[in-house]
There are 2 protein chains.
Amino acid sequence: MADPLTSTRGQAAYRCLREMILDGTFPPETPLQENMLAARLGVSRTPIREALAQLLNEGLIARVSGLTPVVKRLSVDDFVEILHMRRLLEVEAAGRAARSSGTAVLRPIRERMMAFVAGEQPTDEEHAALDDQLHAAIASLSGSRLLTRYVTDLRLKTKMFDRGRLPERLVPGSQEHVAIIDAILAGQPEQAQEAMCTHLNNVRASILAYLGRLT
Amino acid sequence: MADPLTSTRGQAAYRCLREMILDGTFPPETPLQENMLAARLGVSRTPIREALAQLLNEGLIARVSGLTPVVKRLSVDDFVEILHMRRLLEVEAAGRAARSSGTAVLRPIRERMMAFVAGEQPTDEEHAALDDQLHAAIASLSGSRLLTRYVTDLRLKTKMFDRGRLPERLVPGSQEHVAIIDAILAGQPEQAQEAMCTHLNNVRASILAYLGRLT
DNA sequence: ACAGGAAGTATTGTATACATCCTGAAGGCA
DNA sequence: TGCCTTCAGGATGTATACAATACTTCCTGT
């Protein structure tokens, strides 16, 4: 049988709502009323409430003035804060990954990244999935479940900015990823940390430039 | 009126259960059955389920083999992992706090700490509360809500080890706290970071020694 | 016309009843 | 004797009904 935890309607509703928030089906400030969601997902309010509680904990939604929770709008400051935290944690993770064994799992990811550098054009989903896979693998190689979880949580919140909005970052981003991987494979913690730090600084700079371009 | 969020039975149950777990009323491995808890707290299963979901998210309880969640037993490795993460985050927070304005809030805390150094014997609750207050204030001075929240969450999980088990740490611990405060008040980030790092290393060492003494 | 209040409406909080699934034990068969 | 099957009990997942609360709108008085 499937994992009972992920096969309950409550968990399914959670994943569904999270996806709808991240992909823009529910834009920021959208009020999420329990009855509306229950009707829309075809379940009762009980699993909906469970899902909302989880999203509330994660910070993807918030109760602004008391009652009905709304989709949280990430301010630029929020975004910078999250990326700052990600840098702190992922730089640490990269350093620890370089000291770990089992780094071979990074090799197939490196191959795919090299293909992007060589000119292959992946779909957004493909690219995002590989990005996730790499950062998750590095966090996991750190050997700390806590670090892995925090990195995963933080990356979730910035994911809505990664949706193919910055195609010009594909090749340089992939090059930076390869640099991080190579430093880890070579067992050089300082270089791995530096490469990760550079990468995240570039991500921040390019997204801030994108946001500035909008105004 | 009181904050509507904290006056619901669900939130009350959450705080109540959390306290019971942290103070040992529910020791590790205790199964937390919804019916039992509902009867014990005098509410229905609905708010209990809400509270359990929150505790589950926080990691204070876990579903080990499927069904009934049990109070999580913190292994030594878990503890080291948490303290490692705390060091990473709180060192960062101390550095940023030293660069911030508004550090005057630390002065009354410093006075109390000095009283402990001078020989005053606080109750466990008093000491724990001041400790919380200091670390929370430093995290808050970092200017990052995210950092503050993470530090708070992590400290919660190690709190069960702080319950007056290490009376010999009172004076040196308070001295270390004063050193951190003084570095922040003096606006010296590097020294603040170093003092915080030293402090947390000492905390880890003394608790590991305590745990080793048990075996 | 504007402010204050009161009633109605809608939404969340809580309790309870029902459905589903897991667990454990008893009994039968090889 | 040991293992598998089956059934009973219980615990969680889900739906629904009810209670309480916050918001909205309209009315009234100044």
Side-chain angles (χ1 to χ4, degrees), chain A residues 1-21 25-73, chain B residues 1-21 25-73:
Chain A
M1 177 191 315
D3 189 344
L5 275 184
T6 65
S7 68
T8 65
R9 292 172 206 259
Q11 288 301 308
Y14 162 72
R15 286 196 309 275
C16 184
L17 290 180
R18 187 182 66 183
E19 194 56 33
M20 288 169 117
I21 290 170
T25 305
F26 292 135
E29 313 296 334
T30 306
L32 298 180
Q33 294 180 0
E34 297 173 2
N35 272 321
M36 183 267 286
L37 297 174
R40 190 150 174 172
L41 298 189
V43 297
S44 81
R45 276 178 55 212
T46 307
I48 295 292
R49 284 179 64 82
E50 212 170 305
L52 289 179
Q54 211 161 335
L55 292 167
L56 225 38
N57 255 326
E58 266 181 71
L60 254 59
I61 68 180
R63 292 186 197 277
V64 278
S65 78
L67 221 57
T68 304
V70 301
V71 177
K72 199 166 174 183
R73 177 186 299 283
Chain B
M1 175 191 320
D3 189 342
L5 276 183
T6 66
S7 68
T8 66
R9 291 171 205 261
Q11 288 300 308
Y14 162 71
R15 287 196 308 275
C16 183
L17 290 180
R18 189 183 63 183
E19 195 55 33
M20 288 170 116
I21 290 171
T25 305
F26 292 136
E29 313 297 333
T30 306
L32 298 180
Q33 294 179 3
E34 297 174 1
N35 273 320
M36 182 267 285
L37 297 174
R40 189 149 175 174
L41 298 189
V43 296
S44 80
R45 275 178 56 213
T46 307
I48 295 292
R49 284 179 63 81
E50 212 170 304
L52 289 179
Q54 211 161 335
L55 292 168
L56 225 38
N57 254 325
E58 265 180 71
L60 254 60
I61 67 180
R63 292 184 197 279
V64 277
S65 77
L67 224 55
T68 304
V70 301
V71 177
K72 198 166 175 182
R73 176 185 299 283

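Proteins come first, then strands; the chains are lettered A, B, ... in the order of their sequence lines, and each starts at number 1.
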Starting from the C-alpha separation in whole Å, work towards a yes-or-no answer on salt bridge (Lys or Arg N to Asp or Glu O under 4.0 Å) for A:R49 and B:E50. CA-CA 9 Å; A:R49 284 179 64 82; B:E50 212 170 304; 3.6 Å; yes

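- Listed here is the closest heavy atom pair of A:A51 and A:G10: CB-O, 4.0 Å.
- The distance between atom CD of A:Q11 and atom P of D:dG13, rounded to the nearest whole Å, is 9 Å.
- A search for side-chain contact (heavy atoms from CB on, under 4.5 Å) contacts involving A:V70 returns A:P31, A:V64, not counting sequence neighbours.
- Closest approach of B:L17 to B:F26, counting heavy atoms only: CD2-CE1, 4.0 Å.
- Heavy atoms only, all atoms of each residue included: B:K72 and B:P28 are closest at O-CB, 4.2 Å.
- Look at CG on B:L41: it is 13 Å from P on C:dT14, rounded to the nearest Å.
- Shown here for A:P69 and A:L52, the closest heavy-atom pair between the two residues is CG-CD1, 4.5 Å.
- Contact record, A:P27 with A:V71: O-CB, 3.5 Å, taken as the closest heavy-atom pair.
- When the nucleotides D:dT14, D:dG13, C:dA15 are ranked by their closest atom to the side chain of B:R63, D:dG13 comes out on top.
- Within residues 48-60 of chain B, no residue has any heavy atom under 4.0 Å from DNA chain C.
- As rounded to whole Å, 8 Å separates atom P of C:dG13 from atom CZ of A:R45.
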Less than 3.5 Å apart, which donor and acceptor atoms pair up between the side chains of residues 36-48 of chain A and the rest of the protein, not counting sequence neighbours?
from, atom 1, to, atom 2, distance (Å)
A:S44, OG, A:T46, N, 3.3
A:R45, NE, A:E34, OE1, 2.9
A:R45, NH2, A:E34, OE1, 2.9

Under 3.5 Å, N/O pairs linking protein and nucleotides 7-11 of chain C:
from, atom 1, to, atom 2, distance (Å)
C:dT11, OP1, A:Q33, OE1, 3.0
C:dT11, OP1, A:Q33, NE2, 3.3

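- OP1 and OP2 of C:dT14 both lie 4.0 Å or more from every side-chain N or O belonging to B:T46.
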